[in-house]
Trainee: 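Shown below is the structure under consideration.
The structure displayed is predicted, hence computed values, not measured ones. No hydrogens, no waters, no symmetry mates; every other heavy atom, side chains included, goes into these values.
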Protein chains: 2
Amino acid sequence: MSLKYGILGLLNYGTMTGYDLDKAFKSSVNIFWQAQTSQIYRELGTMEKLNWVETEVIIQHGKPNKKMYKITELGKSELLKWLYEASNKDFFKSKDSFLLMLFFSGEKTVDENIEMLKKFKQDCLEYFSVLNKVDENANYYTNRIEDDTKCVYWDIVLEFGKASMTATLQWIDDSIVRLEALK
Amino acid sequence: MSLKYGILGLLNYGTMTGYDLDKAFKSSVNIFWQAQTSQIYRELGTMEKLNWVETEVIIQHGKPNKKMYKITELGKSELLKWLYEASNKDFFKSKDSFLLMLFFSGEKTVDENIEMLKKFKQDCLEYFSVLNKVDENANYYTNRIEDDTKCVYWDIVLEFGKASMTATLQWIDDSIVRLEALK
DNA sequence: TGGGTCATGTAACCTGTTACATGATTAG
DNA sequence: CTAATCATGTAACAGGTTACATGACCCA
């Protein structure tokens, strides 16, 4: 359900092709929302039927033709409606197979689980550098937006990513200490 | 994909009905994995075909008959395989419509967004008390397990929930301060 | 000459959600 | 007497995932 609004939100910054949207998703919103290329094209199709977006085909030479998607007045009002009415209950409904696995890891040895957590720590550190790269990409998109106050929200969301990673790393260390004590 | 393993993990603690599994999900694993009742019954059906679980019907008087599900040897080996092979990449792929909404909230006024964050803070505090209730429920399930070291993992996972909530609350406060400064 | 980028999608499948159906017992 | 609990599911739909198809240009 939210994918439509993610697309509307990005189109609200400017007219784009499905291909551009795909890249925009993968280089920005990706940290808290992922969309497959095929999904984006499918949604754009249904959104055009709903009259939330309209298209214009641009003939190109040497490259495939472009289909530019533009948000309509109806689309913009749907976006605003969502911004005002969306609930936060999703936040408390995360599905995480890693935590599910850890929950049942009593079947493995303590040493094996310490190893697993150490591996996880490595992956978290790597992810941290991904977050910093997203920070750089941000400039590309935020430069296209006139109003400076709008960029604050981008930054706040990124800070969330960093804060939760920091908490996760601390939790990993605490958990390893706890497991070491069992040996 | 993980739902099957969540079911296997719980059945590994003891034989249960679909109804019991539903309750077990809702009172324990629920913080990081949610499953609908209908989904559990559907998965149990396919798992029986896969021979991961086997059933025994228990005739009851005054109550509907029970269909007890028991993990098979094959099921147990599939569970172990998953515990050893599952990756942690899901952890970095969370989908969060609240963060998506916040990202696009430059369309709203600063005051409206401060209000939204304050409301979110209230919901986070409420969720904290839910986590503590889960803590109490834990005793019911952990008492049924012989091996004490297995309960550590339950606790570690719960600690994650608390740690990330603490970090989230701190982030909310910081963000509100930041938005106040824009006024 | 082979891989990457540009640009569009379709098809099949799997998973998750919502709504509904049934029917008896038990506790307030 | 009414709502909750026990216990089983089905059906339809929405949303997400994986794999595949096409084809030209550009750079090394």
Side-chain angles (χ1 to χ4, degrees), chain A residues 1-8 15-27 29-30 32-50 52-53 55-69 82 86-87 89-90 92-97 100, chain B residues 1-8 15-27 29-30 32-50 53 55-69 82 87 89-90 92-97 100:
Chain A
M1 200 70 258
S2 300
L3 178 56
K4 281 189 182 60
Y5 300 100
I7 291 172
L8 282 182
T15 299
M16 270 184 257
T17 66
Y19 191 76
D20 293 332
L21 276 164
D22 190 43
K23 277 193 301 174
F25 258 91
K26 270 150 195 159
S27 65
V29 192
N30 209 50
F32 49 87
W33 201 276
Q34 306 82 37
Q36 262 73 44
T37 313
S38 60
Q39 233 181 319
I40 289 170
Y41 283 109
R42 182 169 57 181
E43 286 301 311
L44 282 170
T46 63
M47 286 165 79
E48 199 178 353
K49 275 177 202 152
L50 287 169
W52 291 14
V53 295
T55 55
E56 192 197 344
V57 177
I58 292 172
I59 285 107
Q60 291 196 126
H61 308 284
K63 283 179 183 176
N65 291 338
K66 277 185 179 186
K67 208 168 167 184
M68 298 296 282
Y69 287 89
W82 178 71
S87 87
K89 66 178 197 296
D90 249 41
F92 307 103
K93 271 197 198 170
S94 63
K95 281 194 179 167
D96 205 308
S97 64
L100 188 68
Chain B
M1 201 69 255
S2 300
L3 179 55
K4 282 189 181 59
Y5 300 101
I7 291 172
L8 282 182
T15 299
M16 268 184 260
T17 65
Y19 190 76
D20 292 332
L21 276 164
D22 190 44
K23 277 193 301 175
F25 259 92
K26 271 153 195 158
S27 65
V29 192
N30 210 50
F32 49 87
W33 202 274
Q34 306 82 38
Q36 262 72 43
T37 314
S38 59
Q39 234 182 318
I40 289 171
Y41 283 110
R42 181 169 59 182
E43 286 301 311
L44 282 170
T46 63
M47 287 166 80
E48 199 178 353
K49 275 176 201 152
L50 286 170
V53 295
T55 53
E56 192 197 344
V57 177
I58 292 171
I59 285 107
Q60 291 195 125
H61 308 284
K63 283 178 182 177
N65 292 337
K66 278 185 178 183
K67 208 168 165 184
M68 297 297 283
Y69 286 89
W82 178 72
S87 86
K89 67 178 197 295
D90 249 41
F92 306 103
K93 270 196 198 170
S94 63
K95 281 194 178 165
D96 206 307
S97 63
L100 187 68

Trainee: Please check the phosphate of C:dT15 (OP1 and OP2 only) for any side-chain N or O of B:Lys95 closer than 4.0 Å.
Mentor: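 For C:dT15, OP1/OP2 do not have a side-chain N/O of B:Lys95 under 4.0 Å.
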Trainee: Between D:dT8, C:dG16, D:dT17, which nucleotide gets closest to the side-chain atoms of A:Gln36?
Mentor: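 Selected nucleotide (nearest to the side chain): D:dT17.
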Trainee: Quick check on C:dG16: is either OP1 or OP2 less than 4.0 Å from any side-chain nitrogen or oxygen of B:Gln39?
Mentor: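 True: B:Gln39 side-chain N/O within range (under 4.0 Å) of C:dG16 OP1/OP2.
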Trainee: Regarding B:Gly45, tell me which of base, sugar-phosphate or nothing describes its non-hydrogen contacts under 4.0 Å with the strands shown.
Mentor: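 No contact.
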Trainee: Closest to the A:Tyr41 side chain: C:dT8, C:dA19, D:dT8?
Mentor: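 Nearest nucleotide to the side chain: C:dT8.
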Trainee: Going by heavy atoms in the side chains, are A:Tyr41 and A:Asp22 under 4.5 Å from each other?
Mentor: no
Trainee: Can you tell which of D:dG15, C:dG9, C:dT15 lies closest to the side chain of A:Lys67?
Mentor: C:dG9
Trainee: Which nucleotide sits closest to the side chain of A:Ser38: D:dT18, C:dC6, C:dA7?
Mentor: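 Comparing D:dT18, C:dC6, C:dA7 against the side chain of A:Ser38, the answer is D:dT18.
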Trainee: With heavy atoms under 4.0 Å as the rule, sort A:Thr17 into base, sugar-phosphate or nothing.
Mentor: sugar-phosphate
Trainee: Please state whether the rings of B:Trp82 and B:Tyr5 are parallel, tilted or perpendicular, taking 30° and 60° as the class boundaries.
Mentor: parallel
Trainee: Of the listed nucleotides (D:dG9, D:dT17, D:dT8), which one gets closest to any side-chain atom of B:Tyr19?
Mentor: D:dT8
Trainee: Under 3.5 Å, is there a donor-acceptor pair between the A:Lys26 and A:Thr37 side chains?
Mentor: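 There is such a pair between these side chains.
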